[in-house]
Protein chains: 2
Amino acid sequence: MSEDVFRALADPTRRRILDELAERNGQSLFEICTRLVTKHGLGLSRQAVSQHLAVLESAGLVVSRRQGRYKFHDLNTEPLERVMNRWLKTDSPENSS
Amino acid sequence: MSEDVFRALADPTRRRILDELAERNGQSLFEICTRLVTKHGLGLSRQAVSQHLAVLESAGLVVSRRQGRYKFHDLNTEPLERVMNRWLKTDSPENSS
DNA sequence: ACGATAGGCAAGTAGCGACTTGCCTATCAA
DNA sequence: TTGATAGGCAAGTCGCTACTTGCCTATCGT
């Protein structure tokens, strides 16, 4: 929940992950993995996706809930809304780093 | 006018430059340089700022107009609007890389 | 209990990206 | 025309980051 929303969005793979979660919320790491490989043809390891999810989570764009041996991930668009009114002044004057 | 709006936004210095232009449009390279140094205390060379402006311009976030030996830079928020409705679906369904 | 599944924790590698440095071009003022 | 100003080009350095590899922990089914 920090401030590196921009840095988190910088990577195309992470954007794909957000797309994936936007289309189908509450996926596990392996679900996201296989979907990225099959639907988008990306060849990346489980660890890669895991690290991407960590970045997204620390940016507050993804929240996760542990449940048994599964960890489900949900999209959270709230940081996006806060951060985008920095130059598009359509709302409150909340600026930051 | 390409597609790396996200990558352009990833760097904090570039975000500062956008802030600068949002506050005062039509600045030259040197104006932006001195403002970044004095107001934000950043110590960077002219070349650094020039390269940042090039990135912002190729992302379509900044447009420039040459005039004599000066080159003035203007903020363009239109790519931001297009790109943000990717996960915040408040508008048209325009998605991209 | 055992194996299989879901995930985590480093440490290491490779490439990209931000920044510098040095030199070159172009425009204006005197 | 000369000097100063505004900016561009290209190569080189250095740190960060995306990704891999190897091993470890935890939970579930049978």
Side-chain angles (χ1 to χ4, degrees), chain A residues 2-21 24-38 40-59 61-74 97, chain B residues 2-21 24-38 40-59 61-74 97:
Chain A
S2 81
E3 240 311 321
D4 306 73
V5 182
F6 295 106
R7 201 183 69 79
L9 291 174
D11 187 85
T13 303
R14 281 196 287 268
R15 273 172 264 154
R16 287 284 165 81
I17 293 178
L18 292 183
D19 290 337
E20 237 1 274
L21 290 179
R24 188 178 196 265
N25 232 341
Q27 296 189 60
S28 75
L29 172 60
F30 273 74
E31 285 175 307
I32 298 174
C33 261
T34 52
R35 281 194 159 221
L36 286 179
V37 173
T38 62
H40 301 280
L42 305 181
L44 15 75
S45 70
R46 175 184 58 88
Q47 274 308 316
V49 180
S50 177
Q51 286 164 10
H52 280 309
L53 283 171
V55 173
L56 289 170
E57 196 163 358
S58 86
L61 291 167
V62 162
V63 289
S64 67
R65 44 196 163 92
R66 194 88 200 226
Q67 192 167 337
R69 59 176 157 176
Y70 299 98
K71 188 178 178 187
F72 299 111
H73 302 270
D74 297 282
S97 161
Chain B
S2 85
E3 241 311 319
D4 305 76
V5 182
F6 295 105
R7 202 184 68 80
L9 290 174
D11 187 85
T13 303
R14 280 196 287 270
R15 272 173 264 153
R16 288 284 166 80
I17 292 178
L18 292 183
D19 290 337
E20 234 5 272
L21 289 178
R24 188 177 196 266
N25 233 340
Q27 296 189 60
S28 75
L29 173 60
F30 273 75
E31 285 176 308
I32 298 173
C33 262
T34 52
R35 280 191 161 223
L36 287 178
V37 173
T38 61
H40 301 281
L42 305 181
L44 16 74
S45 70
R46 174 184 59 90
Q47 275 308 315
V49 180
S50 177
Q51 285 164 10
H52 281 310
L53 283 171
V55 174
L56 290 170
E57 195 162 359
S58 87
L61 291 167
V62 162
V63 289
S64 65
R65 45 196 161 91
R66 195 87 200 228
Q67 194 166 336
R69 60 177 158 175
Y70 298 98
K71 189 179 179 187
F72 299 111
H73 302 270
D74 296 282
S97 163

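Numbers restart at 1 for each chain; the letters A, B, ... are given by sequence-line order, proteins then strands.
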Checking B:Ser64 now: which residues fulfil side-chain hydrogen bond (donor to acceptor under 3.5 Å, both in side chains) with it, not counting sequence neighbours? B:Glu57

So if I define the base as every atom that isn't primed, P, OP1 or OP2, how would nucleotides 15-22 of chain C read as a B/S/- string at a heavy-atom cutoff under 4.0 Å? --SSBBB-

So CG of B:Asn25 and CD of B:Glu20: to nearest 0.5 Å the spacing works out to 11.0 Å

Does A:Val55 form a side chain to side chain contact (heavy atoms under 4.5 Å, CB included) with A:Arg7? I'd like the steps, not just the answer. CA-CA 9 Å; A:Val55 173; A:Arg7 201 183 69 79; 3.8 Å; yes

Strictly below 4.0 Å: does B:Lys71 bring a side-chain N or O up to OP1 or OP2 of D:dG8? yes

Between B:Ala59 and B:Val5, what is the shortest heavy-atom contact and its length? O-CG2, 3.8 Å

Quick one: list whatever passes side-chain hydrogen bond (donor to acceptor under 3.5 Å, both in side chains) with B:Arg65, sequence neighbours left out. B:Asp74

Testing B:Asp11, B:Leu61, B:Ile32 one by one against B:Ile17 for a side chain to side chain contact (heavy atoms under 4.5 Å, CB included), which residue passes? B:Ile32

Distance check needed: D:dA18 P versus A:Leu36 CG, whole Å only. 15 Å

Please give, in whole Å, the distance from C:dC9 P to A:Leu29 CG? 12 Å

When the distance from CD of A:Glu57 to P of C:dG7 is rounded to whole Å, what number comes out? 12 Å

Do the side chain of A:Ser50 and the main chain of A:Arg46 share a donor and acceptor less than 3.5 angstrom apart? no

Who are the side-chain contact (heavy atoms from CB on, under 4.5 Å) partners of A:Ala48, not counting sequence neighbours? A:Leu44, A:Ser45

Rounded at 0.5 Å granularity, tell me how far CZ in A:Arg15 sits from CG in A:Leu18. 9.5 Å

Can you see if the side chain of B:Ser50 gets near the phosphate of D:dG8 - specifically, an N or O under 4.0 Å from OP1 or OP2? yes

For B:Arg66 and B:Lys71, what are the C-alpha separation, side-chain angles and deciding distance, and is it a side chain to side chain contact (heavy atoms under 4.5 Å, CB included)? CA-CA 4 Å; B:Arg66 195 87 200 228; B:Lys71 189 179 179 187; 4.2 Å; yes

Using five base pairs at each end, measure the axis-to-axis angle across the helix from C:dA1-D:dT30 to C:dA30-D:dT1 and round it to 10 degrees. 30°

Quick one: which protein N/O atoms are closer than 3.5 Å to N/O atoms of nucleotides 26-29 of chain C? Pair and distance per line, please.
none

Between atom CG of A:Leu36 and atom CD of A:Glu31, what is the distance when rounded to the nearest 0.5 Å? 12.0 Å

